[in-house]
Amino acid sequence: MSDALTNAGPAPAAPLDFIRQIVTDDLEAGRHGRRVHTRFPPEPNGYLHIGHAKSICLNFGVATEFGGLCNLRLDDTNPTREDVEYVDSIRRDVQWLGFDWGDREYYASDYFERMYECAVTLIRNGRAYVDSLSAEEIREYRGTLTQPGRNSPYRDRDPDESLVLIERMRQGEFPDGAHVVRARIDMAAPNINLRDPTLFRIRHAHHHRTGDRWRIYPMYDFAHALSDALEGITHSLCTLEFEDHRPLYNWIIEQFPDLPGDPQQIEFARLNLTYTVLSKRKLLELVERKMVHGWDDPRMPTISGMRRRGYTPEAIRDFCARIGVAKNESLIDVALLEHSVREHLNRVAPRAMAVLRPLKVVIENYPEGQVEMLEAINNPEDATAGTRQVPFSRELYIEQDDFREEPPKKFFRLFPGNEVRLRYAYIIRCTAVIKNDAGAIVELRCRYDPDTRGGSVAGERRVKGTLHWVSAARARRAEVRLYDRLFSTEQPGIDDSRHFAEEMNQAALETVSDALVEPSLAEARPGTTYQFERLGYFAPDADGAPDRPVFNRTVTLRDSWAKIERAQNA
RNA sequence: UGGGAGGUCGUUCAACGGUAGGACACCACGCUCUGGACGUGGUUAUCGGGGUUCGAAUCCCUGCCUCCCAGCCA
């Protein structure tokens with residue numbers, strides 16, 4: 001990973017968000033030994049998505065801005081849901097986003113032994129016990145939101161007896177659910193998390209890292225607080241739904257004052273985005289029910305999906321900076337994400353010409369068999385990007401949308417008798433329209449003006465429209481996948497009278513199998529996103545072959561003609 | 001109806017007792033060999049009611065609305 005990119009981020013710009021404000025105050029007050037140490041703690045039970053990107057940018061951003069460190073911690077305490085495939089994808093995605101955790105890649109499972117010892121300590125101190133109620137009984141004893149719970153009959157079990165039981169639980173002597181280790185706090189607490197929360201449960205399951213060494217696994221609240229303390233975390237940033245857990249988090253931390261860290265948990269609002277879902281459960285369901293083609297389907301809001309779609313790490317980081325961090329529960333307009341993507345891609349994407357729905361054009365007065373190489377600018381926003389040669393010939397293809405036999409108002413493109421410029425080439429005039437027996441337009445006859453060649457000073461004549469095109473003889477056939485928003489409703493799943501999948505956008509993927517692209521695109525490989533002029537940004541997909549490239553549409557260009565047309569039709 | 005949290009332009013973030021501002025979106029116009037980009041201008045907001053204060057989005061009281069919590073998930 002390059003140093004330049006490592007945990008890239010500008011100095012914090014004023015004003016500070018509330019978390020950076022807290023960190024600033026902590027530093028000034030000399031808290032946490034004047035250190036800043038955060039962590040990004042995903043559970044490896046799914047792929048990372050744009051919501052995680054927010055958390056990643058926050059945790060790594062805060063750490064580097066304040067001269068601290070951020071750990072990557074895989075929170076792998078539930079072997080029944082987790083998998084190495086997810087671990088690998090998480091490492092890949094965080095790195096791709098541009099963040100570096102150095103050698104601080106930790107796993108909650110590395111701490112199982114210590115967590116076990118902590119549980120034993122709590123039992124010895126009378127702060128925990130082994131409960132032998134069933135899951136259903138525990139639920140009944142817990143009470144309700146408005147009624148206090150009741151003590152379990154095992155709550156006052158002799159610590160020595162609990163000690164024997166926890167050891168036997170560990171040895172695998174009991175089936176799942178037979179016993180559980182619980183903290184002894186307060187069954188009447190108004191905060192349900194304090195009503196003797198479970199610390200360890202029995203799970204006869206194979207763990208992706210610890211194998212079959214353990215038959216009991218710690219619960220989130222216990223594992224998370226201890227992991228933070230063990231790693232010397234100072235600021236433990238998490239989402240709002242854990243606000244209720246903070247008293248328990250603090251309780252656990254207080255039980256073990258000898259641990260290296262004295263972390264404080266701070267909660268912020270998770271990201272919600274319009275026209276998509278950002279819950280691992282729902283994303284997993286889409287994958288498992290094969291409603292999308294895997295976690296990295298370009299329609300998915302996953303990091304890997306966005307990467308495949310052609311989004312850049314810079315764009316995603318910019319988006320995360322723009323949305324800010326607060327405690328308001330917000331729903332961000334996906335247009336903001338698309339704006340960040342366009343803004344970055346506009347600066348860096350090499351331009352090329354491609355025709356999605358070809359319409360043949362014959363330049364009647366252009367010599368048959370002649371091929372002329374025209375110079376095209378690779379990126380008008382970047383002078384260092386240079387130029388390339390594009391072949392021009394008598395037979396071309398333009399976009400079907402760029403011709404209308406009967407032009408609507410403000411239609412600047414080609415129509416009978418009208419002149420347009422062919423990008424980097426000549427001004428042409430449409431002289432005839434050729435149709436098949438069914439009346440469909442199959443070909444245009446045009447004449448060009450040799451004095452208007454692109455780039456030449458002589459060609460100063462002005463026309464309203466400029467069209468992109470490809471040479472019929474030299475163009476390559478390509479498959480283009482046109483992606484759009486995954487859901488057709490702003491907040492899929494908000495209406496719980498129907499399943500969220502019913503709100504999927506059936507037009508989110510349209511495959512164009514016979515697009516034509518300029519020859520230079522034959523070299524295109526995944527990793528670079530191109531701008532197809534006047535159409536949008538497109539990313540080469542690994543599904544493509546040299547003779548059959550495949551491109552994924554990242555996002556369209558802003559299209560003011562589409563707006564005009566919509567207004568006219570309205 | 002227990003506990004926790006939150007209400008500022010359409011959306012989102014800011015304003016830390018002193019002119020409610022930015023970004024996105026939207027609407028005009030200009031510019032353009034991408035109807036892209038860029039430039040200029042514009043519309044729109046402090047949840048309601050009281051109070052404190054010279055002055056309140058900010059402090060106090062009160063009401064209303066929204067979200068989260070009853071996994072041996074995280």
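Letters A, B, ... are given to chains in the order of the sequence lines, protein chains preceding strands, and every chain is numbered from 1.
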For nucleotides 34-46 of chain B, read 5' to 3', which letter fits each nucleotide if B means a protein heavy atom sits under 4.0 Å from the base, S means only the sugar-phosphate is that close, and - means neither? BBBS---------
Sidechain N-carboxylate O distance under 4.0 Å for E518(A), R388(A): yes
If you measure from the Lys or Arg side-chain nitrogens to the Asp or Glu carboxylate oxygens, is any gap between R322(A) and D318(A) under 4.0 Å? yes
Select base, sugar-phosphate, or nothing to describe what [X] touches, counting heavy atoms under 4.0 Å on all strands.
| X | value |
| --- | --- |
| T80(A) | nothing |
| I138(A) | base |
| F200(A) | nothing |
| L133(A) | base |
| H245(A) | base |
| A135(A) | base |
| V325(A) | sugar-phosphate |

Distance in angstrom units between I202(A) CD1 and C72(B) P, rounded: 14 Å
Mind calculating the distance between CG (D451(A)) and P (C33(B)) to the nearest angstrom? 18 Å
What distance, rounded to whole Å, do you find between the two [atom1] atoms, one in [N] and one in [M]?
| N | M | atom1 | result |
| --- | --- | --- | --- |
| G7(B) | G50(B) | P | 22 Å |
| G4(B) | A70(B) | C1' | 14 Å |
| A57(B) | G18(B) | C1' | 13 Å |
| G21(B) | C61(B) | P | 30 Å |
| U34(B) | U66(B) | C1' | 45 Å |
| U46(B) | U40(B) | P | 28 Å |

Quick one, which residues of residues 167-185 of chain A touch RNA chain B with a heavy atom under 4.0 Å? G177(A), V180(A)
What nucleotide among A23(B), C33(B), C73(B) has an atom nearest to a side-chain atom of R322(A)? A23(B)
Closest to the side chain of R81(A), out of C73(B), A74(B), A15(B), is C73(B)
Checking H245(A) now: which residues fulfil side-chain contact (heavy atoms from CB on, under 4.5 Å) with it, not counting sequence neighbours? N193(A), D221(A), F242(A)
Taking the six-membered ring for Trp, are W295(A) and Y47(A) parallel (under 30°), tilted (30 to 60°) or perpendicular (over 60°)? parallel
Parallel, tilted or perpendicular: which one describes the rings of F112(A) and H207(A), with boundaries at 30° and 60°? perpendicular
Locate the shortest heavy-atom distance separating M115(A) from F200(A); write the atom from each residue and the value. O-CE1, 3.6 Å
Residues R351(A) and I377(A): closest non-hydrogen pair is CB-O, 4.1 Å
Keeping the roles fixed (side chain from Y530(A), backbone from G536(A)), state whether a donor-acceptor pair exists under 3.5 Å. no
Looking at F392(A), Y424(A), F403(A), which one forms a ring-ring contact (aromatic ring centres under 6.0 Å, His included) with W469(A)? F392(A)
Within the sub-3.5 Å range, which N or O atoms of nucleotides 9-11 of chain B have a protein N or O partner, and how far apart are they?
from	atom 1	to	atom 2	distance (Å)
U11(B)	O2'	L331(A)	O	3.2

Ring of Y116(A), cation from R170(A) - is the NZ or CZ under 6.0 Å from the centre and inside 45° of the axis? yes
NZ or CZ of R404(A) within 45° of F415(A) ring axis and under 6.0 Å: no
Below 3.5 Å between N/O atoms, which protein atoms pair up with nucleotides 1-4 of chain B? Just atom names and distances, please.
from	atom 1	to	atom 2	distance (Å)
G2(B)	N9	L145(A)	O	3.2
G2(B)	N3	L145(A)	O	2.9
G3(B)	N2	D244(A)	OD1	3.2
G3(B)	N2	D244(A)	OD2	2.8

Could you give me the stems involving RNA chain B, meaning stretches of three or more consecutive Watson-Crick or G-U wobble pairs whose two defining distances are both below 3.5 Å? B:2-7 with B:64-69, B:10-13 with B:21-24, B:26-30 with B:38-42, B:47-51 with B:59-63
Value for CZ (R73(A)) from CD (E231(A)), rounded to nearest 0.5 Å, stands at 4.5 Å
